[in-house]
Each structure stands twice: as structure tokens, then as C-alpha cells.
Amino acid sequence: MTNNKTEILRTEHVSKSFGSLEVLKDINLTVHQGEVIVIIGTSGAGKSTFLRSLNQLEQISSGKIFINDELFLHRENNHTIEKIDPIKHKQLMLEMGMVFQRFNLFPHKTVLDNIMLAPMTVKKMKREEIEPLARKLLAQVGLAEKADEYPNRLSGGQQQRVAIARALAMQPKIMLFDEPTSALDPELVGEVLDVMKQLAKEGMTMLVVSHEMGFAREVADRVVFMCDGVIAEDDTPDNIFTNPHHPRLKQFLQSIL
């Protein structure tokens, strides 16, 4: 456990409803610097909704979100009680990179331009400032030679690796991965997981929603099991996979392992 490290992200009593359907119920989670947390669970457990609510793609109904130990957002009963000022809000949002199931690359831009676009647009970086970093990141994900290709010329696995490089180009403090391999053909999954393993080794803080149990077992510091919108178990991979307590976790592991 890495509890003595700097806190990067914390949620307190976070809930989210879509109409009468309560998708998240009282989610409390703390992520420390350099920690890799893999969230597993059944379909519809609320895993992706939780990740999207951290990145403000979904608005939480109630609860508090802290980033770098600062109150980022506090809502109760679908009303905002307190939130950070807009400039600070933007700064903190930029510290969170996100990789989705679908790659969402711009088809009319080259791989290199896809990676450089956000730093140039959002951070107002000059092309000559960002290009060396973009090329370095492409090399890091094993695609140095694809800089001038267009996304439709790449495999799904290569496109997802470009999407990871694009998120890293913003130099985030934490990376959120929402089932990054679920849209890939099985033989392409490994190349994306290898990049993620390397990021973990280099100390990147990561919160990953995944069905890849081998990855969770090998790379995670903690595995979080979600079901029915709650965190049912949060423990080391060893305990989760060899000594599960929650009946739903036992059932889940039996069905997939």
C-alpha cells in the first residue's frame, strides 16, 4: 500500500442517478501518487460512470470530489454546493488524462497532429515546443514510424496506443482508462496492455476499468470490485483473487476465471 504518498484523487460519498436509477451509491475512494488501481466488476456495476464522473463527463448527483487534496466539487441532491473557481478548475482537469474504449482520433489529421492538437489548442504550446515530446511519446508507445500516417491506416491496437500517447501529451498527473482494450480484437490487446504496464513501471498514477484479470493481478497495487453501484471490496490483487470475501466477488471470479 502507498498511503504515505501524496493524495492525487479522493471521492467522498459520491452518488449518481439517472432519473430513478441510482447507478453510483456512496462511493469512497482515495488514489495516491504512483498507485495503480484496477476497477473490476459486472456489466452495469457503475464502473465507467464512476470514471466519467471524475472527468466531469457525467455530473455527480451527490458527494465530494477532491483533486490534489483540494475540494474540486461538492454536490447534494443534484445541486452544486461548492466548486472550485473556473481557472483552477481548468488547471486541475488538465492533470487528468483519459483513454476511452473507442479511440476518438481525428481521421483527417496525422498521428503526430492528433497528439499535438490538445497541447497546442488548450495549453497554447507552440508546435516546436510540443513536437519533440509528441515524437518521444510515439516512440514510447512503439509507433515512432507512424507519425505521418492517418488513423485509418492503423490497426485498432495501434490507434489505442496513439490515444494513450495523446492523453500523455497533456502531461497529466493521473491517467484514467475506461476499458481501453474492450473494443480490440483479442490479438491486439497485449500491445496496449504492454504500454500500460510500462507506464505503471515508470510511476504513472492510474485508475483503470478493465476486464483483463491478468493485468489486474500483475500490475495493480489495489483491485476494487464494484457491483450494483457500490464498492463491495477494495484490496490487494492477491487477496481479491485468492481470498475473496464478498459473495458477488466470488461469483464474479468463478464466472470469468
Side-chain angles (χ1 to χ4, degrees), residues 1-2 5 8-9 29-41 45 47-48 50-52 54-55 57 94-105 111 114-115 118 133-146 151 154-226 234-238 240-241 256-257:
M1 293 288 175
T2 47
K5 290 199 176 178
I8 297 275
L9 180 72
L29 185 74
T30 302
V31 185
H32 294 93
Q33 187 179 347
E35 210 172 13
V36 177
I37 297 177
V38 178
I39 302 176
I40 62 171
K47 306 180 302 291
S48 291
F50 178 57
L51 229 55
R52 290 172 65 84
L54 296 175
N55 211 19
L57 295 169
L94 293 180
E95 293 184 356
M96 220 183 281
M98 187 149 182
V99 177
F100 300 88
Q101 294 177 29
R102 295 276 164 200
F103 331 118
N104 303 329
L105 299 174
V111 162
N114 263 284
I115 293 170
L133 174 64
R135 289 188 182 277
K136 183 180 164 200
L137 291 169
L138 264 183
Q140 193 179 330
V141 299
L143 294 170
E145 75 291 352
K146 300 291 185 186
L154 304 180
S155 71
Q158 288 172 330
Q159 288 188 57
Q160 191 61 297
R161 280 146 65 196
V162 172
I164 292 172
R166 177 182 58 182
L168 290 171
M170 293 298 282
Q171 298 169 288
K173 284 192 175 167
I174 181 171
M175 287 281 283
L176 310 178
F177 291 88
D178 186 11
E179 297 190 24
T181 57
S182 66
L184 300 178
D185 293 332
E187 71 272 17
L188 301 176
V189 167
E191 64 190 54
V192 173
L193 292 180
D194 285 345
V195 168
M196 293 170 66
K197 285 175 192 174
Q198 191 53 42
L199 281 178
K201 269 189 198 144
E202 289 164 8
M204 174 58 78
T205 310
M206 292 160 63
L207 192 53
V208 184
V209 169
S210 182
H211 294 293
E212 302 293 336
M213 297 301 135
F215 174 82
R217 212 168 199 156
E218 182 187 342
V219 181
D221 296 296
R222 281 159 56 204
V223 175
V224 169
F225 173 68
M226 285 183 71
D234 176 352
D235 211 332
T236 63
D238 201 35
I240 289 283
F241 290 109
I256 59 159
L257 293 178

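Both backbone and side-chain heavy atoms feed into the values below; hydrogens, waters and symmetry mates do not. Predicted model only: the values in this text are computed from it and were never measured.
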Original post:
So, the side chain of K146 versus the backbone of V111: is there a donor-acceptor pair under 3.5 Å, distance only?
Top reply: no
Subject >> Side-chain heavy-atom pair V209, M226 within 4.5 angstrom cut-off >> reply: no
**OP:** Decide yes or no on side-chain contact (heavy atoms from CB on, under 4.5 Å) for E212 and E218, but give the supporting numbers first.
**Re:** CA-CA 10 Å; E212 302 293 336; E218 182 187 342; over 6 Å; no
Original post:
Given side chains that start at C-beta, do those of D178 and Q101 come closer than 4.5 Å, heavy atoms only?
Top reply: yes
Original post:
Which value, rounded to the nearest 0.5 Å, describes the distance between I240 atom CD1 and R217 atom CZ?
Top reply: 11.0 Å
Subject >> Interatomic spacing from CG in L154 to CZ in F103 - rounded to 0.5 Å >> reply: 10.0 Å
**OP:** Report yes or no: does R161 contribute a side-chain atom to a donor-acceptor pair with the main-chain N or O of V195 at less than 3.5 Å?
**Re:** no
Original post:
Do you know which two heavy atoms are closest between E35 and H32, and how far apart they sit?
Top reply: OE1-N, 2.9 Å
**OP:** Might you point out which heavy atoms bring P172 and G97 nearest each other, and give the distance in Å?
**Re:** CB-N, 3.4 Å
Original post:
Does NZ belonging to K197 count more than 12 external heavy atoms closer than 6.0 Å?
Top reply: yes
**OP:** For residues F215 and M206, report the shortest heavy-atom separation together with the two atoms involved.
**Re:** CZ-CE, 4.5 Å
Subject >> Closest heavy-atom pair and its distance - G157, L188 >> reply: N-CD1, 3.7 Å
Subject >> Within-4.5 Å side-chain heavy-atom neighbours: R52 and M98 >> reply: yes
Original post:
At what distance, to the nearest 0.5 angstrom, does CG of L138 lie from CD of Q140?
Top reply: 10.0 Å
Subject >> Q160 side, atom CD; E191 side, atom CD - distance, nearest 0.5 Å >> reply: 10.0 Å
Original post:
Side chains of I256 and I40: closer than 4.5 Å at any heavy-atom pair?
Top reply: no
**OP:** Please examine the side chains of F177 and L199, heavy atoms only from C-beta on, and report whether any two atoms are closer than 4.5 Å.
**Re:** yes
**OP:** Evaluate side-chain contact (heavy atoms from CB on, under 4.5 Å) for L207 paired with I39, printing each intermediate quantity in order.
**Re:** CA-CA 7 Å; L207 192 53; I39 302 176; 4.0 Å; yes
Original post:
If we only count heavy atoms from C-beta on, is the L57 to F100 side-chain gap below 4.5 Å?
Top reply: yes
**OP:** For A163 and V99, work out which heavy atoms get closest and say how close.
**Re:** O-CG2, 4.2 Å
**OP:** Give the C-alpha distance, both sets of side-chain angles, the deciding distance and a yes or no for side-chain contact (heavy atoms from CB on, under 4.5 Å) between L105 and R166.
**Re:** CA-CA 9 Å; L105 299 174; R166 177 182 58 182; 3.7 Å; yes
**OP:** Flag the pair L133 / L137 as yes when at least one side-chain heavy-atom distance between them is below 4.5 Å, and no otherwise.
**Re:** yes
Original post:
Any side-chain heavy atom of P151 within less than 4.5 Å of one from N114?
Top reply: yes
**OP:** Find the distance between CE (M175) and CG (L168) and round it off to the nearest 0.5 Å.
**Re:** 4.0 Å
Subject >> Test applied, side chain to side chain contact (heavy atoms under 4.5 Å, CB included); reference residue, L9; option that passes from L54, L29, I37, T30 >> reply: L54
Original post:
Roughly how far, to the nearest 0.5 Å, is the OG1 atom of T205 from the CG atom of L176?
Top reply: 10.5 Å
